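These notes concern the structure reproduced below.
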Amino acid sequence: MRIVAALLALALPLTAAPAVPAAEAPAIALSSVVPAPLEVRQQGATFRLTDRTVIEAPRSARNVANRLAEALRPATGYRLPVVERARTNKISLRTDESPGYRLTVTKSAITIGARDNAGLFDGVQTLRQLLPPAIDAATPQRAAWVVAGGEIADRPRYAYRGAMLDLARHFHTPDEVKRYIDEISRFKINYLHLHLSDDQGWRVQIDSWPRLTAVGGAPGTGVDGTGGGFLTKADYRDLVRYAADRYVTIIPEIDMPGHVNAAQVAYPELTCDGVAPPPRTDTAVGYSSLCIGQETTYRFVEDVIRELAALTPGPYLHIGGDEAHATTEADYLAFQQRVLPLVAKYGKTPYGWNEIDQAPAAKDAVLQYWNQKPTFTPVHASKVVLSPANRAYLDMKYDPSTRLGLNWAGYIEVRTAYDWDPTTYVPERAVLGVEAPLWSETLRDLDDIEFMAFPRLAAIAEIGWSPRKDWESFRTRIHAYYPRWENRGVNFYRSPQVG
Ligand code: IFG
């Protein structure tokens with residue numbers, strides 16, 4: 001190959017700078033992946049993807065092979081057929097005993113081994129970052145499609161690495177949510193929590209209470225009346241499938257007993273005085289409450305939980321519980337004692353903001369810690385997802401100049417989102433994982449979502465996945481990732497801290 005390249009260089013007119021022979025193009029370091037892998041050994045020959053490379057996968061891993069093929073075909077222009085058996089010049093996906101995944105690169109093959117398809121998919125996300133950023137272009141590029149030789153043995157620190165998207169304050173379309181799933185799954189985020197109801201809107205169809213979306217999801221709902229829309233059951237099922245094909249599990253949230261104004265506008269019988277409150281398009285919180293002593297409330301709650309559980313293959317159903325300032329302590333407790341067991345009745349693990357922990361019925365629930373106090377001691381529950389608002393809330397402004405977002409929990413630049421650890425809040429054994437919520441009071445479209453989410457979501461993903469954290473290393477790696485967002489048209493924030 002070198003001789004050919006040398007001859008080619010000679011053949012070029014003397015005035016033209018000789019093209020860098022493809023074989024000489026340096027391969028990306030195996031250690032450059034975000035989130036940082038557990039073990040990396042870079043050694044041996046480079047693998048070169050060519051138009052004769054094939055993807056080898058057993059039928060059981062066909063979905064992962066298809067995700068890999070769709071990731072590599074556009075920019076290479078190669079056919080990259082998926083076959084069950086190949087001898088050489090292959091990217092091979094295989095089931096083995098590797099915890100997490102193991103990625104091995106030699107001159108003749110790239111092999112990704114894992115116990116399950118989620119592990120194989122994680123390995124594929126790593127492989128994508130080991131190819132030049134041009135691989136993320138939507139049209140064929142001339143580049144040296146080389147991958148450095150060696151081995152990565154990798155697995156997550158925590159099982160739960162989540163993102164949350166608020167569809168209630170502003171409804172984001174299924175296509176926008178799918179794009180978000182595409183981008184978060186590249187950082188091995190494996191849960192997407194959808195905030196589907198609030199004071200300003202109701203965003204998922206419930207057959208037994210049709211006015212929830214007919215009224216609560218109508219045009220003109222949402223903050224400033226610009227966030228109308230809702231997910232039909234077909235939309236929701238389609239999102240669940242799309243997410244599952246990228247090994248992201250959907251978690252629906254119906255927030256109660258507070259944050260219920262939209263439901264009460266649609267159904268006045270859900271108030272204690274039977275009078276529908278006015279629709280709300282402002283951003284105040286804490287003024288609404290279900291009527292705790294009324295049986296209609298529990299018929300409503302059970303119908304919603306039953307229908308959502310039937311739509312949701314994932315293990316969790318989030319029932320909110322935050323900012324119930326219009327509910328007395330005694331009523332809040334009584335409500336949670338009746339409602340938390342309903343989630344289990346329909347086969348799901350109850351999940352809620354940390355306030356639900358005051359109820360003994362929360363003992364089997366997962367708590368989502370969103371406060372800012374540096375330590376948190378659960379009373380009844382034993383598992384916590386960390387989302388400290390002053391670290392993980394992606395709707396916080398980067399700094400005072402940020403057009404979008406809020407600042408009640410302070411300003412969160414990339415390093416603020418990176419430099420924290422779940423075990424300063426709760427003991428390691430209580431940590432299920434981390435999640436980065438993105439509330440949509442000030443968001444209007446996908447560009448806004450991307451601007452607030454990236455690069456800070458990658459920082460949270462590294463906290464959830466990697467055993468060790470090093471800001472300088474992360475800063476360098478995420479800066480090197482920028483061209484990939486550019487190639488995919490992701491409207492990310494160019495932080496001055498990253499360079
Ligand atoms: N707190 C509210 C959210 C949202 C947020 C905006 C929680 C759990 C402020 N509750 O965060 O509904 O309004 O930053």
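We count ligands from 1, going down the list as the structure has it; atoms in each ligand are counted the same way. Everything numeric here is computed off the predicted structure, so don't read it as measured data. Position 1 is the first residue of the sequence; numbering continues from there.
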- Query: Has Arg456 got its NZ or CZ under 6.0 Å from the middle of the six-membered ring of Tyr398, at an angle within 45 degrees of the ring axis?
  - Reply: yes
- Message: Taking 4.0 Å as the limit for heavy-atom contacts, which would you say applies to His259 with ligand 1: side chain only, backbone only, both, or neither?
- Response: side chain
- Message: So is Arg169 touching ligand 1 or not, going by heavy atoms under 4.0 Å?
- Response: yes
- Query: Which part of Leu406 is near ligand 1, with near meaning a heavy atom under 4.0 Å away: side chain, backbone, both or neither?
  - Reply: side chain
- Give yes or no for whether the N/O distance cutoff of 3.5 Å, strictly under, is met between Asp322 and ligand 1. yes
- When you measure from atom 6 (C) of ligand 1 to every protein heavy atom, which one gives the shortest distance, and what is it? Asp395 OD2, 3.3 Å
- Task: Kindly confirm or rule out a cation-pi arrangement of Arg477 over Tyr481, judged by NZ or CZ under 6.0 Å from the six-membered ring centre and within 45° of its axis?
- Result: no
- Does a salt bridge link Arg169 with Asp395, judged by any charged N lying under 4.0 Å from a carboxylate O? no
- Message: Can you report which non-hydrogen protein atom sits closest to atom 11 (O) of ligand 1, along with the distance?
- Response: Tyr393 OH, 2.7 Å
- Basic-acidic side-chain contact under 4.0 Å: Arg338, Glu302: no
- Query: Counting both backbone and side chain atoms, is some N or O of Trp353 under 3.5 Å from an N or O of ligand 1?
  - Reply: no
- Nearest neighbour in protein (non-hydrogen) for atom 2 (C) of ligand 1: Glu323 OE1, 3.1 Å
- Note on the structure: heavy-atom search around atom 9 (C) of ligand 1 in the protein gives Trp408 CZ2, 3.7 Å
- Task: Compute the ring centroids of Trp353 and His193, then answer whether they are less than 6.0 Å apart.
- Result: yes
- Charged N to carboxylate O under 4.0 angstrom, Glu472 versus Arg475? yes
- State plainly whether the residues Asp136 and Arg484 are in salt-bridge range, i.e. N to O under 4.0 Å. yes
- Message: Given the ring of Phe474, does Lys469 sit roughly above its face, with NZ or CZ under 6.0 Å from the centre of the six-membered ring and within 45° of the axis?
- Response: no
- Considering heavy atoms of the protein only, find what lies nearest to atom 13 (O) of ligand 1 and give residue, atom and distance to 0.1 Å. Glu441 OE2, 2.6 Å
- Please could you name the atoms of ligand 1 that Met396 approaches to less than 4.0 Å, counting only its heavy atoms? 14 (O)
